[in-house]
Student: 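Provided herewith is a single structure, encoded as structure tokens, for subsequent inquiry.
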Amino acid sequence: MKYTIYLFLLLSCSIHAQKAIETSFIKKANFKASQLITIDNFETKYFIRNNVFNKKDAHTTITYNNLQLGNITTANAFNPLKINLFYKDFNSVIILDNRLAEIFKIDFNALPKYKNASHISTGHDNTIWVFDENNQKLELFDYRTLTTRAQTVPIQSTILDLKSNYNFCFLLTKNYLYTYNYFGSLVKRIKNDGYTQLAESNGDIFLKKENDLFYLKKGSETTIPILIPNLLINAFFVTNETLYIYANEILHEYKIKID
């Protein structure tokens, strides 16, 4: 009987170990930023430094600054032709083109139906996802027509993070991770087991819990640990099967091996 128990425990450990996703070190480099937003397929870096938004490629660096709106709360460069900068203190969003020229300004204070935005992310066409603290709803907002295309039922939990692609929006709350389609319909809900940040890549989700990272495959409800060194993670994201971790002003790159 004891032998059977030991065998079961060893088998369980072996199965668990097989689930962990391995990474291999590529390189690291010093990099100074207040917030590192993302690195795209062409290794262009988008980041905030001293409240100035930067786009840096192999040859040039271009910048955008708006002193009138105060500090940049978050930035999103998922669509490099419609980059959005969120200024929470002024309840406003600036949309930039790929040369960081302003193409649109959204002032939620001036809308016919006032919105108190706490989180925003990129949508499809001329839309952004907005979490409105007034009604506790996530909305797909068309900033050209100033109309709401879709909205969810109220979310009764603290909002931790919001990410999106053209088809789906991923909302991380203290209690759950929600996935919505662009009609605002709930596609999936899984319990939050202590995760505080998320990143999205081709529909797959990467989650941070303390200083550990986990992988959630598209369509799955089971997270898998990612094997990484012990780092104080300030930011993380995945592009072209490369895991970027920004920690203590050092940018680490790892090849991530996902079946």
Side-chain angles (χ1 to χ4, degrees), residues 34-35 37-38 46-48 51-53 64-97 100 102-186 189 192 195-200 235 237:
S34 306
Q35 293 183 50
I37 306 304
T38 193
Y46 299 84
F47 60 96
I48 300 168
N51 203 38
V52 176
F53 184 76
Y64 173 85
N65 191 18
N66 192 324
L67 297 176
Q68 294 180 333
L69 293 179
N71 293 327
I72 304 170
T73 305
T74 59
N76 188 299
F78 173 76
N79 182 348
L81 301 178
K82 294 179 180 178
I83 299 164
N84 58 64
L85 308 184
F86 177 42
Y87 296 83
K88 190 176 188 304
D89 291 344
F90 281 78
N91 204 25
S92 298
V93 174
I94 298 292
I95 310 294
L96 306 175
D97 66 15
L100 303 193
E102 284 189 25
I103 56 177
F104 216 87
K105 178 182 178 181
I106 309 159
D107 182 355
F108 293 117
N109 301 302
L111 295 179
K113 292 186 67 175
Y114 167 77
K115 298 183 188 299
N116 184 17
S118 67
H119 295 74
I120 67 107
S121 190
T122 299
H124 63 284
D125 296 333
N126 299 311
T127 65
I128 57 173
W129 288 96
V130 181
F131 186 80
D132 186 355
E133 290 189 323
N134 285 343
N135 55 22
Q136 295 294 298
K137 292 181 179 180
L138 179 65
E139 302 181 4
L140 184 62
F141 180 72
D142 188 322
Y143 54 81
R144 292 283 184 183
T145 62
L146 303 182
T147 58
T148 297
R149 292 193 187 182
Q151 66 179 5
T152 69
V153 299
I155 308 296
Q156 304 298 333
S157 182
T158 302
I159 309 302
L160 301 179
D161 205 353
L162 178 67
K163 295 292 190 300
S164 59
N165 55 34
Y166 294 125
N167 297 315
F168 297 98
C169 185
F170 309 94
L171 180 68
L172 182 65
T173 75
K174 187 176 180 180
N175 296 332
Y176 295 99
L177 170 63
Y178 298 91
T179 302
Y180 297 96
N181 62 22
Y182 56 81
F183 296 111
S185 300
L186 181 64
R189 185 185 76 168
N192 183 357
Y195 307 114
T196 55
Q197 285 180 255
L198 71 89
E200 183 273 339
F237 40 87

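Owing to the predicted nature of the structure, the values given are computational and were not obtained by experimental measurement.
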Student: Working to the nearest 0.5 Å, report the span between CZ of Phe108 and OH of Tyr114.
Tutor: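 If I round to the nearest 0.5 Å, the distance is 10.5 Å.
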Student: For the backbone of Lys174 and the side chain of Thr158, can you confirm whether one donor and one acceptor N or O come within less than 3.5 Å of each other?
Tutor: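 The answer is no, because no donor-acceptor pair under 3.5 Å joins these two groups.
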Student: Do the non-hydrogen side-chain atoms of Ile106 and Ile128 ever get within less than 4.5 Å of each other?
Tutor: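 Yes; the side chains approach each other to less than 4.5 Å.
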Student: If we ignore hydrogens and angles and just use 3.5 Å, is the side chain of Asp132 paired with the main-chain N or O of Asn134 as donor and acceptor?
Tutor: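 It does hold such a pair.
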Student: Using side chain to side chain contact (heavy atoms under 4.5 Å, CB included) as the criterion, list what pairs up with Glu102, not counting sequence neighbours.
Tutor: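 Scan of Glu102 (side chain to side chain contact (heavy atoms under 4.5 Å, CB included), adjacent residues dropped) gives Tyr64, Asn66, Ile94, Leu96.
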Student: Answer yes or no: is there a donor N or O on one side and an acceptor on the other, between the side chain of Thr74 and the main chain of Phe86, under 3.5 Å?
Tutor: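 Side chain of Thr74 to backbone of Phe86, a donor-acceptor pair under 3.5 Å: no, none is there.
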Student: Would you check if the side chain of Thr148 reaches a backbone N or O of Glu139 as a donor-acceptor pair within less than 3.5 Å?
Tutor: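 No, because the side chain of Thr148 does not come within donor-acceptor range (under 3.5 Å) of the backbone of Glu139.
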Student: Is a side-chain N or O of Asn71 found less than 3.5 angstrom from the main chain of Asn51, in a donor-acceptor match?
Tutor: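 Looks like no, no N/O pair under 3.5 Å.
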Student: Find the distance between CD1 (Ile120) and OG (Ser92) and round it off to the nearest 0.5 Å.
Tutor: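 Reported to 0.5 Å precision, the distance equals 11.0 Å.
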Student: Distance check, rounded to the nearest 0.5 Å: Phe53 atom CZ versus Ile48 atom CD1?
Tutor: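 Interatomic distance, Phe53 CZ to Ile48 CD1, rounded to 0.5 Å: 7.0 Å.
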Student: If you round to the nearest 0.5 Å, how far is CZ of Phe168 from CD of Glu200?
Tutor: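 Those atoms lie 10.0 Å apart.
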Student: Which heavy atom of Asp125 sits nearest a heavy atom of Tyr143, and at what distance?
Tutor: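 Result for this residue pair: O-OH, 4.3 Å.
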Student: Once you round to the nearest 0.5 Å, how far does CZ of Phe104 lie from CG of Asp97?
Tutor: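 Here the interatomic distance stands at 14.0 Å.
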Student: Could you go through the side-chain contact (heavy atoms from CB on, under 4.5 Å) check for Phe170 and Asn165 one step at a time?
Tutor: CA-CA 9 Å; Phe170 309 94; Asn165 55 34; 4.0 Å; yes
Student: Regarding Asp107 and Lys105, does a basic nitrogen lie under 4.0 Å from an acidic carboxylate oxygen?
Tutor: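 Result for this pair is no, no salt bridge flagged.
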Student: Of all residues at least two apart in sequence or in a different chain, which pass the side chain to side chain contact (heavy atoms under 4.5 Å, CB included) check with Tyr182?
Tutor: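 Partners of Tyr182 by the side chain to side chain contact (heavy atoms under 4.5 Å, CB included) criterion, ordered by chain and then number, come out as His124, Leu140, Asn167.
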Student: Quick one: does any side-chain atom of Asp161 pair with a main-chain N or O of Leu198 as donor and acceptor, under 3.5 Å?
Tutor: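 Confirmed, Asp161 side chain pairs with Leu198 backbone.
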Student: Looking at every non-hydrogen atom in both residues, tell me the closest pair between Ser164 and Ser121 and how far apart they are.
Tutor: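 Closest approach of Ser164 to Ser121: OG-OG, 2.7 Å.
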Student: Decide whether Asn76 and Lys163 meet the rule of one side-chain donor and one side-chain acceptor closer than 3.5 Å.
Tutor: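 Side chains of Asn76 and Lys163: no pair found under 3.5 Å.
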Student: Can a donor-acceptor pair be found, under 3.5 Å and without considering hydrogens, that links the side chain of Asn91 to the backbone of Lys115?
Tutor: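 Answer holds: yes.
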Student: What is the minimum heavy-atom distance between Phe90 and Gln68, and which atoms define it?
Tutor: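 Looks like CZ-O, 3.5 Å.
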Student: For the pair Thr122 (side chain) and Asn79 (backbone), establish whether a donor and an acceptor sit closer than 3.5 Å, ignoring hydrogens and angles.
Tutor: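 Flag not set: sc Thr122 to bb Asn79 has no pair under 3.5 Å.
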Student: Given the rule in the side-chain contact (heavy atoms from CB on, under 4.5 Å) test, do Lys82 and Asn126 qualify, once you have shown the distances and angles that lead to the verdict?
Tutor: CA-CA 9 Å; Lys82 294 179 180 178; Asn126 299 311; 2.7 Å; yes
Student: How about Asn192 and Thr173: does a side-chain donor come under 3.5 Å of a side-chain acceptor?
Tutor: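 No.
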Student: Work out which heavy atom in Leu186 is nearest to a heavy atom in Tyr178; give both atom names and the distance.
Tutor: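 Closest approach of Leu186 to Tyr178: CD1-CD2, 3.7 Å.
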Student: Could I get the full list of ring pair (Phe, Tyr, Trp, His ring centres under 6.0 Å) partners for Tyr46, not counting sequence neighbours?
Tutor: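 None.
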Student: Is any side-chain heavy atom of Phe141 closer than 4.5 Å to one of Leu146?
Tutor: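 Counting from C-beta outward, Leu146 and Phe141 do come under 4.5 Å.
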Student: For residues Cys169 and Leu162, report the shortest heavy-atom separation together with the two atoms involved.
Tutor: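 Distance-wise, the nearest heavy atoms are SG-CD1, 3.2 Å.
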Student: Quick check for you: to the nearest 0.5 Å, what is the distance between Gln151 atom CD and Leu138 atom CG?
Tutor: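 Separation between the atoms: 9.5 Å.
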Student: Hey, what's the ring geometry for His119 with Phe131, parallel, tilted or perpendicular (30° and 60° as the breaks)?
Tutor: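 His119 vs Phe131 ring planes: perpendicular.
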Student: Got a donor-acceptor contact below 3.5 angstrom from the Gln197 side chain to the Ala235 backbone?
Tutor: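 No, the answer is negative, given that no donor and acceptor are paired below the 3.5 Å cut-off.
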